Amino acid sequence: MNERIVVGMSGGVDSSVAALLLKEQGYDVVGVFMKNWEEQDESGTCTAESDWRDVQAVCDEIGIPYYSVNFAKEYYDRVFSYFLDEYKKGRTPNPDVLCNREIKFKAFLDFAMKLGAAKMATGHFVQTNEQGQLLKGADPNKDQSYFLYMLKKQQLQKALFPVGAMCKDEVRDYAKRKGLLTFAKKDSTGVCFIGERHFKTFLQQFLPATPGDMVAIDGQKLGRHDGLMYYTLGQRKGLGIGGCGDGRSWFVVEKDLERNQLVVAQGEDHELLYANGAMGVDVTWIGDTPEENTFDCSAKFRYRQKDQKVRVTLNGEGLLVNAYEPQRALTPGQSIVLYDGDQCLGGTILNNVLKK
RNA sequence: UGGGGUGUAGCCAAGCGGUAAGGCACGGGACUUUGACUCCCGCAUUCGCAGGUUCGAACCCUGCCACCCCAG
């Protein structure tokens, strides 16, 4: 009897190819589609429906059975409620890193095990090795290890990433050659399972607006904001102020919850947009906690950023991360992911920026 | 109701008789499994209004209107 592998299928080309590759390798493959968000988008269409149809069609083409599971409650309780709480605190969360830890590699993994699977698989562009370490995907432009940094070795050892060694173009070419209908499907973006949204409008459905003043660093009032949670640090678009000051663009440099003021500064290179150090909480290590309390490694302060040289220091409070080069718009709630070369070590949620 | 000045897109602003620069904002797209950033494209048949001069005016002339400043 061949080993059973349950593949998390999104309806996209990556997971389609992942399932196909496993099937060709002789596994007993089962495709499972997750629906974790009930609401339809602002255009009134439910992309989950067409995605589910694509999953069914692809599974039929490949010749594997498929199921659909609904983790909407788990998603809301373990990911979305946290997401909203963070915004209420004026922070900018990354729900997808939690989604991977709590849903895809927990709820879904458990479900796969119940189906008798030896392992689960997804279409993520990441790789693992025998030791259960997380490695970057082979395609430097599509590496998604940033989103999986919160996983533990024990979770990764039960996961396969069939497309992690491939480049995106190869994946599409392969899908096309094999006749998978998803070969040309556009990559999905936006919050996982929720999708592309007009973000402000989306948040307004959950978080009440508390408008206030938009002020310059010197306190000069420049306009009004619709509610601090609708903006993030380093943001330019949506401020609606133009033609004042020296004529350059304005960027959010601070969210003053006390005064309910959005503080903005002019010029994309403004010093307040940059900092070298940050303190992280909720530190997670994929493997064992490092022996050294202080060491150099590289880090990404946001998805797709090229590796930054940093020095990290562990203390009782959390993790101190100091970059050798100034970092733009370090934002509380976002994740700092640590690497040793191609190996993802883990990371932390940025709690506060250390001003010089 | 004496004198002076200014009125160009939502904002700032070039233009000075030859057929409306640029920036910001805004809109669309690209990029992207968070939020952002970034990049590309678009954005005044029209220059406060009405006449006049001219082959031709936002630019010259006249009148009116609005705002600002200085005097009373």
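Sequence lines set the chain letters: A, B, ... in the order given, protein chains first and strands last, and positions in each chain run from 1. All of these numbers come straight from a predicted model, not from anything done at the bench.
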> What's S335(A) touching, base or sugar-phosphate or nothing? Going by heavy atoms closer than 4.0 Å.
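Counting heavy atoms under 4.0 Å across all strands, no contact is made by S335(A).
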> Counting any heavy atom closer than 4.0 Å, what does F193(A) reach on the DNA or RNA strands: base, sugar-phosphate only, or nothing?
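Result for F193(A) = nothing.
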> Return the orientation label for the W37(A) and Y76(A) ring planes: parallel under 30°, perpendicular over 60°, tilted otherwise.
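W37(A) vs Y76(A) ring planes: parallel.
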> Of the candidate nucleotides A30(B), G35(B), U33(B), which contains the atom at the shortest distance from the side chain of T331(A)?
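Of all the options, the side chain of T331(A) is nearest to G35(B).
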> Can you tell me how far P in U45(B) sits from the matching atom in A36(B), rounded to whole Å?
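Looking at atom P only, U45(B) and A36(B) are 33 Å apart.
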> Give me the distance, rounded to whole Å, that separates A9(B) from A30(B) when you measure between the C1' atoms they each carry.
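Comparing C1' positions in A9(B) and A30(B) gives a spacing of 27 Å.
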> Given pairs defined as Watson-Crick or G-U wobble with both distances under 3.5 Å, what dot-bracket annotation applies to RNA chain B, with ( ) intrastrand, [ ] crossing, | other strand and . unpaired?
.(((((((.[[[..)..(...]]].(((((.......))))).....[[[[[..)....]]]]]))))))..
> When rounded to the nearest Å, what value does the distance between P atoms of G2(B) and C64(B) take?
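Pairwise P distance, G2(B) against C64(B), rounds to 12 Å.
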> Please report the distance separating the P of C61(B) from the corresponding atom of G7(B), rounded so that it comes out in whole Å.
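Rounded to whole Å, the distance is 14 Å.
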> Could you state the CG-C1' distance from L233(A) to A36(B), rounded to the nearest angstrom?
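That distance rounds to 9 Å.
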> Of G247(A) and T92(A), whose closest RNA chain B nucleotide lies nearer the 5' terminus?
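Nearest nucleotide further toward 5': that of G247(A).
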> So, does Y87(A) use its side chain to make a donor-acceptor pair with the main chain of F206(A) at under 3.5 Å?
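Not at all, since once roles are kept as given, no pair shorter than 3.5 Å links the two residues.
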> Does the side chain of L222(A) reach to within under 4.5 Å of the side chain of C244(A), using non-hydrogen atoms?
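They are in side-chain contact.
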> Take the angle between the ring planes of F111(A) and F71(A) and call it parallel below 30°, perpendicular above 60°, tilted in between.
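Plane angle over 60°, so perpendicular.
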> Classify the side chain of Q334(A) and the base of U34(B) as holding, or not holding, a donor-acceptor pair under 3.5 Å.
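Answer yes: a donor N or O sits under 3.5 Å from an acceptor.
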> Where the side chain of R311(A) meets the backbone of V321(A), is there a donor-acceptor pair that is under 3.5 Å apart?
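No, R311(A) side chain to V321(A) backbone: no donor-acceptor pair under 3.5 Å.
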> Does the plane of the ring in F193(A) sit parallel, tilted or perpendicular to the ring in Y75(A)? Use 30° and 60° as the thresholds.
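The arrangement is perpendicular - the two ring planes meet at more than 60°.
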> Applying a 4.0 Å non-hydrogen cut-off, can you work out what F251(A) is touching in the nucleic acid: base, sugar-phosphate, or nothing?
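The residue F251(A) makes sugar-phosphate contact but no base contact.
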> Expressed in whole Å, how much space separates the C1' atoms belonging to U19(B) and G29(B)?
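U19(B) and G29(B) have their C1' atoms separated by 33 Å.
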> Contact class for G238(A) (heavy atom, under 4.0 Å): base, sugar-phosphate, or nothing?
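It contacts sugar-phosphate atoms only.
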> According to a strict under-4.0 Å criterion, is K142(A) in side-chain N/O contact with OP1 or OP2 of U33(B)?
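Answer is yes, contact under 4.0 Å.
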> Name the orientation of the base relative to the sugar in C24(B): syn if the glycosidic angle is within 90° of 0, else anti.
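Anti conformation for C24(B).
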> Using whole Å, what does the distance between atom C1' of nucleotide A36(B) and atom CG of L262(A) come to?
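Roughly 13 Å, once rounded to whole Å.
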> When you measure from the side-chain N and O atoms of R236(A) to the phosphate of A25(B), is any distance below 4.0 Å, counting only OP1 and OP2?
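True: R236(A) side-chain N/O within range (under 4.0 Å) of A25(B) OP1/OP2.
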> Do any N or O atoms from the side chain of E102(A) and from the backbone of N100(A) form a donor-acceptor pair under 3.5 angstrom?
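Not confirmed, E102(A) side chain does not pair with N100(A) backbone.
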> For RNA chain B, whose closest nucleotide is more 5', that of S249(A) or that of N100(A)?
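Mapping each residue to its closest nucleotide by heavy atoms, the 5'-most match is S249(A).
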> Rounding to an integer number of Å, can you tell me how far H124(A) NE2 sits from U32(B) P?
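To the nearest whole Å, that distance equals 16 Å.
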> Taking OP1 and OP2 of U38(B), is either one under 4.0 Å from a side-chain nitrogen or oxygen of K237(A)?
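K237(A) to U38(B) OP1/OP2: no side-chain N or O under 4.0 Å.
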> What's the closest nucleotide to the side chain of Y303(A) if the choices are G35(B), U34(B), C24(B)?
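My answer, after comparing the listed nucleotides, is U34(B).
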> Which nucleotide sits closest to the side chain of Q235(A): U33(B), A36(B), C31(B)?
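Out of U33(B), A36(B), C31(B), the nucleotide with an atom closest to Q235(A)'s side chain is A36(B).
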> For G17(B) and C55(B), measure between their C1' atoms and round to the nearest Å.
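Roughly 12 Å separates the two C1' atoms.
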> In whole angstrom, give the distance that lies between atom OH of Y149(A) and atom P of U34(B).
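Rounding to the nearest Å, OH of Y149(A) and P of U34(B) are 15 Å apart.
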> How far does the C1' atom of G23(B) sit from the matching atom of C60(B), given to the nearest Å?
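G23(B) and C60(B) have their C1' atoms separated by 31 Å.
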> Could you give the CG-to-C1' distance, from D96(A) to U34(B), as a whole number of Å?
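So the two atoms are 5 Å apart, to the nearest Å.
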> Could you tell me whether the side chain of R302(A) has a donor or acceptor atom within less than 3.5 Å of a complementary atom in the base of G35(B)?
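Side chain to base: pair present.
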> Starting from P on A36(B), measure out to CZ on R91(A) and report it in whole angstrom.
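About 17 Å, once rounded to whole Å.
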> In whole angstroms, how far is the C1' atom of C12(B) from the CG atom of L222(A)?
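Value for this atom pair: 14 Å.
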> What is the distance from CG of L273(A) to P of G35(B), rounded to the nearest Å?
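Those two atoms, CG and P, are 20 Å apart.
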> Does the pair K89(A)/D85(A) count as a salt bridge with the N-to-O cut at 4.0 Å?
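No, no charged N to carboxylate O under 4.0 Å.
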> May I ask you to check whether W52(A) and F33(A) place their ring centres under 6.0 Å from each other?
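Here the rings of W52(A) and F33(A) have centres that are less than 6.0 Å from each other.
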> Does V13(A) offer a backbone N or O that forms a donor-acceptor pair with the side chain of K185(A) under 3.5 Å?
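Checked: no pair found.
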> Please give the distance between the P atoms of U6(B) and C26(B) as a whole number of Å.
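Approximately 32 Å lies between the P atom of U6(B) and that of C26(B).
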